[in-house]
Amino acid sequence: MQRIDQFIRSLAVEAIRDSWSATLPEDQIQVQKTRREFIGDFTIVVFPLLRFSRLSPEETANALGSYMVDQSEMLSGFNVIKGFLNLLVSQKYWIEFLNGDLRSAVYGFTPVHEGSQKVMIEFSSPNTNKPLHLGHIRNNLLGYSISRILKASGKQVRKVNLVNDRGIHICKSMLAWQKFGDDETPESSGMKGDHLVGKYYIKFDQVYKSQIESLVEEGKTRKEAETAAPVIEEAREMLRKWEAEDPEVRALWEMMNNWVYEGFERTYSRLGVSFDQTYYESQTFKLGKEIVQKGVEAGVLYKKEDGSVWADLTDEGLDQKLLLRSDGTSVYMTQDVGTAHQRYNEYGFDSHIYVVGNEQNYHFQVLSIVLKKLGFEWADKLYHLSYGMVELPEGKMKSREGKVVDADDLMDEMETTARQMSEELGKLEDYNGEERNSIYRQVGMGALKYFILKVDPKKNMTFDPRESVDFNGNTGPFIQYTYARIRSVIRKGKGHDKFAGEVHLNDKEISLIRMMYEYPDIIGESSRTLNPSLIANFLYELAKEFNQFYHDYSILSAEKKEEMAMRLLLVEVIGQIIDSGMDMLGIEVPERM
RNA sequence: GGUUCCGUAGCUCAGUUGGACAGAGCAACAGCCUUCUAAGCUGUGGGUCGCGCGUUCGAAUCGCGCCGGAAUCACCA
């Protein structure tokens, strides 16, 4: 069915040509939806047209309005307030739209086919020395949701994870376990593997700090003490052994990493995220060296006397960036050059998104420039989705001080709150334990996910635990509740939903249809800007509008049969959109709650 | 200091390409369940959109300059 806003644009162009002999492109016509406080569906702003009409704003709007309403039966009327022409769309159009496009289960979605654009998206990217925390949750939820949104807008999406499984930080946990662990394992301690390893990471830090203090007391400067503390020297030694593939160190490393992976797997599965492919840094950290060497030969990079390789970025307003250490080993940047190259060759992406916090803005800025310098024409296909930090009401999270919100604990807490709330309301008493638990899980996770995804990714956000467990207002459970209400009505209205199209829509009904009319644009915009919050806020508005409708009008005891059938259809498609929209946020919706 | 990002109600956040008196939720107060799920709905109060200048018929939105905050500028990742 023809998009009515497009139609309005082209009709307006026609009107302007006929009335004032001016030809202008359609995108010059400003069409917006009419604000709530005025009567109408779409509004044309006529101020920009005054130079063609050479009339007052009111006269221009009136002339345009009467021409357009005369010409088309899709428009049923208009009114003019100041320089704004408010157009009414005919009942017929909205009814056909409801009975046509909106019925489709894939309304708003663009199908993916073989030739569709290929997008690779990297997210999560955890370190294997400690469990996941709130910051990782934002990363994972964003990455996963964006992958869903891209898919919905017709992209072939490949989700990848890059696990940072090697380096000095891992050695710290390993060393502390070796020294103080007494062969403790996840089995023997009953701890989740990632938490167990994290415990030794903290243990290392405590010992390290106390050693620094002793050295400072002995008269060393803090800086000296930080490099000379015995325990850090041991960790460095362990890293050297790791690099030299010392069998003992490698065995320990593998054992502890596997504990972590098992723990991560549980956290991921609970979060509902998954990957098509997982890369491990231990397998990719040497990549990029050859490319950098070629860059030196080609003269776009330069080598210092000590053998280290650098990129000179002063042309770009930046400084020098190291790409290979003097001992010939790679740094993070080198590795990313290598993995990007490898991924492009293997997958041939049209775009590659890195979901990484804004603390790495500089890194990705440099990465693009370096790749461009090296002559890769796909350098501009890389996109850093830079999201803001998650802060607590009392300030920043500090992982070494234990001032973090642990991912697993948080999920537990959300589910517990959902359980308490539900038990208080007592709505699921005829469900068995398993069914109830499933709903507590859905609601708890829905609250958490929505709370995080409703915020614009690029902004820093404050996570207030008190606020996050509030399930009223602009929250995931509010939308889930709306869905459950809808499903309940649908179940009761079965058999009364044969809608023929002979009906008069009231303002609330039109308003709902008009909101759903926008859904494809919302998906498009959120895909273009990689911003799930647009969908979250759209769903909230829709749910709120539905709840008002639900309060003001009866569906199952509508006056006429045809009206009831229309309302059942209307409500069903609202439910479908809530379902498909929440699915893009990675949130499940319950039949009951 | 350089670069990037942010500054909207007491708090948390919306506000597509500039458009009609700046919107929600939470918190506070007052109402609405013998009727489709009250995790809902309705109402009241609450703002110099950080400040100033400029562009424009029109600026929370665009430009410049300040003020305030965040991140980053390692032979760490």
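Among the atoms of the strands shown, none is found under 4.0 Å from any heavy atom of A/Gln480. Residue contacts shown for A/Asp456 are limited to sugar-phosphate atoms, with no base heavy atom under 4.0 Å away. As judged by a 4.0 angstrom heavy-atom cut-off over every strand, A/Asp27 is placed among residues making no nucleic acid contact. Residue-level contact check: A/Glu37 touches the bases, meaning some heavy atom is under 4.0 Å from a base atom. Residue contacts shown for A/Pro48 include a base, since a base heavy atom lies under 4.0 Å away. If you check every strand for non-hydrogen atoms under 4.0 Å, A/Thr43 touches a base. Among the protein residues, A/Val331 comes within range of the sugar-phosphate backbone only, with heavy atoms under 4.0 Å from sugar or phosphate atoms but none that close to a base. Residue A/Leu534 is classed as a sugar-phosphate contact, given heavy-atom separations below 4.0 Å to backbone atoms only. As judged by a 4.0 angstrom heavy-atom cut-off over every strand, A/Asp165 is placed among residues making no nucleic acid contact. As judged by a 4.0 angstrom heavy-atom cut-off over every strand, A/Gln360 is placed among the base-contacting residues.
For residues 455-493 of chain A, the ring pair (Phe, Tyr, Trp, His ring centres under 6.0 Å) pairs, not counting sequence neighbours, are A/Phe451-A/Phe463, A/Phe478-A/Tyr540. Screening residues 554-564 of chain A for salt bridge (charged side-chain N to carboxylate O under 4.0 Å, His left out) gives A/Glu563-A/Arg567 as the qualifying pairs, with residues at least two apart or on separate chains.
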Inset, instruction - Summarise protein proximity over nucleotides 34-40 of chain B in one line of letters, 5' to 3': B for base, S for sugar-phosphate only, - for none, counting protein heavy atoms closer than 4.0 Å. - result: --BBSBS
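Atom-to-atom, CH2 of A/Trp310 to C1' of B/rC75 comes out at 7 Å; the value is rounded to the nearest Å. When rounded to the nearest whole Å, the span between CD1 of A/Ile168 and P of B/rA77 equals 10 Å. Atom NZ of A/Lys454 is separated from atom C1' of B/rC11 by 12 Å (rounded to the nearest Å). In this structure, A/Phe364 places its CZ atom 14 Å from C1' of B/rA71, rounding to the nearest Å. Per the geometry, CG belonging to A/Asp470 stands 18 Å off P belonging to B/rA24, to the nearest Å. The nearest whole Å value for the distance from the OH atom in A/Tyr387 to the C1' atom in B/rU72 is 15 Å. Look at CD on A/Gln32: it is 16 Å from P on B/rG15, rounded to the nearest Å. Atoms CG (A/Leu542) and P (B/rA24) sit 17 Å apart, rounded to a whole Å.
Taking the six-membered ring for Trp, A/Tyr280 and A/Trp253 have ring centres at least 6.0 Å apart. No close placement of the A/Tyr201 and A/His169 rings is indicated, their centers lying 6.0 Å or farther apart.
Electrostatic pairing of A/Lys223 and A/Glu226 does not count as a salt bridge here, judged by no charged N lying under 4.0 Å from a carboxylate O. A/Arg487 and A/Glu591 are joined by a salt bridge, as a carboxylate oxygen and a charged side-chain nitrogen come within less than 4.0 angstrom of each other. A salt bridge does not link A/Arg240 to A/Glu243: none of the charged nitrogens lies less than 4.0 Å from a carboxylate oxygen. Look at A/Arg3 and A/Asp521 and you find a salt bridge, because one of the NZ, NE, NH1 or NH2 atoms lies within 4.0 Å of a carboxylate O, short of that distance. Salt-bridge formation is detected for the pair A/Lys33/A/Glu518: a Lys NZ or Arg NE/NH1/NH2 atom is positioned less than 4.0 Å from an Asp or Glu carboxylate oxygen.
Here A/Arg35 reaches the OP1 or OP2 of B/rG23: one of its side-chain N or O atoms lies under 4.0 Å away. Taking side-chain N and O atoms only, A/Lys33 has no distance below 4.0 Å to OP1 or OP2 of B/rA20. In this model, the phosphate group of B/rA77 is approached by a side-chain N or O of A/Arg325 to a distance below 4.0 Å at OP1 or OP2.
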Report, one pair per line, the protein and nucleotides 2-6 of chain B atoms (nitrogen or oxygen only) whose separation is under 3.5 Å.
none

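Comparing A/Asn86 and A/Glu359 by the nucleotide of RNA chain B that holds the closest heavy atom to each, the one mapping nearer the 5' end is A/Asn86.
Taking the P atoms as reference points, B/rG50 lies 13 Å from B/rG10, given to the whole Å. Between the P atoms of B/rG65 and B/rG1, the separation comes to 15 Å (whole Å). Distance check on atom P: B/rA77 versus B/rG40 gives 49 Å, rounded to whole Å. Taking the P atoms as reference points, B/rG2 lies 32 Å from B/rA59, given to the whole Å. Rounded to the nearest Å, the gap between the C1' atom of B/rC49 and that of B/rG15 is 11 Å. When the C1' atom is compared between B/rC13 and B/rG31, the two are found 27 Å apart, to the nearest whole Å. Nucleotides B/rC66 and B/rA22 have their C1' atoms positioned 25 Å apart, rounded to a whole Å. Distance noted for atom P between B/rG43 and B/rU37: 24 Å (whole Å).
B/rA20 has A/Phe38 stacked on its base ring, the centres lying under 5.5 angstrom apart and the planes within 30 degrees of parallel.
No more than 12 heavy-atom neighbours from other residues, nucleotides or ligands sit within 6.0 angstrom of CD1 on A/Ile39. Within a 6.0 Å sphere centred on CG of A/Asp507, heavy atoms belonging to other residues, nucleotides or ligands number 12 at most.
Residues meeting the ring-ring contact (aromatic ring centres under 6.0 Å, His included) test with A/Phe499, sequence neighbours left out: none.
Glycosidic conformation, B/rC64: anti, with the torsion outside 90° of 0.
Closest to the side chain of A/Ser308, out of B/rC57, B/rC75, B/rA27, is B/rC75.
The only member of A/Met461, A/Arg138, A/Glu359 that meets side-chain contact (heavy atoms from CB on, under 4.5 Å) when paired with A/Met389 is A/Glu359.
A/Leu570 contributes atom CG, which lies 12.0 Å from atom NZ of A/Lys508 (distance to the nearest 0.5 angstrom).
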Inset, instruction - Check the pair A/Phe84, A/Phe47 against ring-ring contact (aromatic ring centres under 6.0 Å, His included), reporting the backbone distance first and the verdict last. - result: CA-CA 8 Å; A/Phe84 299 89; A/Phe47 294 107; 5.8 Å; yes
Inset, instruction - For RNA chain B, produce a single dot-bracket line, 5' to 3'. Pairs: Watson-Crick or G-U wobble, both distances under 3.5 Å. Symbols: ( ) within strand, [ ] crossing, | other strand, . unpaired. - result: (((((((..((((.....[...)))).(((((.......))))).....(((((..]....))))))))))))....
